[in-house]
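Here the structure is laid out as structure tokens; the discussion comes afterwards.
Residue numbering restarts at 1 for every chain, and letters A, B, ... go by the order of the sequence lines. Note that these values count all heavy atoms, side chains included, but never hydrogens, waters or copies made by symmetry. Quantities reported herein were computed from a predicted structural model and do not represent experimental measurements.
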2 protein chains.
Amino acid sequence: MSFEISFKALSDPARREILQLLKNGRMSAGKISQHFAMTAATVSYHLKVLKKADLIWEEKEKNFIYYDLNTSILEEIMAWFEDLKENRTNEKR
Amino acid sequence: MSFEISFKALSDPARREILQLLKNGRMSAGKISQHFAMTAATVSYHLKVLKKADLIWEEKEKNFIYYDLNTSILEEIMAWFEDLKENRTNEKR
DNA sequence: CTCCTAATTAGATAACTTTCTAATTAGGAT
DNA sequence: ATCCTAATTAGAAAGTTATCTAATTAGGAG
């Protein structure tokens, strides 16, 4: 896992919106595509970036590809924020 | 506050390192610069991006400019992650 | 085996980002 | 007033990213 790749992946609004779409369960690439004005090719590119960042994973089924959130990476990123905040909270010890 | 601008600001490793430097208190632009191989002008550019994202704020004092973390924005960003993770935890309700 | 549908990959282009050097601003000290 | 130090801004070059259209891959159905 690389913070560099994860944060870069999170920096695009379309990719964050994809993560939001997956909050309530897996969704096929085509269904995800329908939520956006951009082409399926562009959505596919964003899915690849999210996959490389381990923020999502895919399951192939028939000729569909389903994507789903990988919550364990979210935990690691949150820990980074916690650390930044915590040291600050203990400021006046 | 805009998630767009905050996440973009967080996507650069130098900028995340600046935030880490500020964990234990404010620091002048020059002192921050010393921690990096890049020029002061480049560091100044990164500070501007972080400031625009409200992740840091500045205090002018004599002819120094001190930067410090703005933890309230960190809270808001963490809430975004919490939301993403939470709906997933309740999956089997 | 041919056709359809789902999705990706390739290649090009435009837009945005990072970095540098050089110039500028501004406060304080002599 | 002049000079020094701290820091920023301007402008240019190089690198990276997002997007499109067109082509390709691959599974399933007839």
| For atom CD of B:Glu59 and atom P of D:dA6, their distance in whole Å | 19 Å
| field | d(OH, B:Tyr45; P, D:dA12) in whole Å | value | 17 Å
| said: Give me the atom names and distance for the closest heavy-atom approach of B:Leu55 to B:Ala9. | reply: CD1-CB, 3.9 Å
| B:Asn63 has a side chain; which of D:dT17, C:dT18, D:dT5 sits nearest to it? | D:dT5
| Would you say B:Thr39 reaches C:dT19's phosphate, i.e. side-chain N/O to OP1/OP2 under 4.0 Å? | no
| remark: Between A:Met38 and A:Ala14 the two heavy atoms that sit nearest each other are CE-CB, 3.4 Å
| Rounding to a whole Å, what distance do you find between B:Lys51:NZ and D:dT8:C1'? | 9 Å
| Taking the side chain of B:Lys62 as heavy atoms from C-beta outward, which of D:dT17, C:dG28, C:dT18 is closest to it? | C:dG28
| task | Describe the nucleic acid contact of B:Tyr67 in one word from base, sugar-phosphate, nothing, applying a heavy-atom distance below 4.0 Å. | result | sugar-phosphate
| query | DNA chain C: A:Ser44 or B:Val49, which has the more 5' nearest nucleotide? | reply | A:Ser44
| 5' priority, DNA chain D, between A:Ala37 and B:Lys48 [closest heavy atom] | B:Lys48
| note | Taking D:dA18, D:dT8, D:dA6 as options, the one with an atom nearest any side-chain atom of B:Ile65 is D:dT8
| said: Expressed as a whole number of angstroms, how long is the span from A:Asp12:CG to D:dT16:P? | reply: 18 Å
| query | For atom NZ of A:Lys51, is the number of surrounding heavy atoms from other residues, nucleotides or ligands below 6.0 Å larger than 12? | reply | yes
| query | For B:Glu61 and C:dA26, what is the distance between atoms CD and C1' respectively, to the nearest whole Å? | reply | 16 Å
| What does A:Ser28 touch in the nucleic acid at a heavy-atom separation under 4.0 angstrom: a base, only the sugar-phosphate, or nothing? | sugar-phosphate
| Exam field: side chain A:Arg15 to backbone A:Lys8, donor-acceptor pair closer than 3.5 Å | yes
| task | Go through C:dT8, C:dC20, D:dA7 for me and flag the one nearest to the B:Met38 side chain. | result | C:dC20
| query | Taking the side chain of A:Phe64 as its heavy atoms from C-beta onward, which of D:dC20, C:dT8, C:dA6 lies nearest to it? | reply | C:dA6
| request: In whole angstrom, give the distance that lies between atom CG of A:Leu10 and atom P of D:dA18. | output: 12 Å
| Taking atom C1' of C:dT18 as reference, at what distance in whole Å does atom CD1 of B:Ile18 sit? | 13 Å
| task | Considering just the side-chain nitrogens and oxygens of A:His46, establish if one lies under 4.0 Å of OP1 or OP2 belonging to D:dT19. | result | yes
| Nearest to the side chain of B:Ala40 - D:dT8, D:dT17, C:dT9? | D:dT8
| query | Any side-chain donor-acceptor pair under 3.5 Å between A:Lys23 and A:Gln20? | reply | yes
| said: Could you tell me if A:Glu58 and A:Tyr67 have a donor-acceptor pair between their side chains, going purely by distance under 3.5 Å? | reply: yes
| With sugar-phosphate meaning primed atoms plus P, OP1 and OP2, does A:Ala41 contact a base, only sugar-phosphate, or nothing at under 4.0 Å between heavy atoms? | base
| Between D:dA6 (P) and B:Glu58 (CD): distance, integer Å | 17 Å
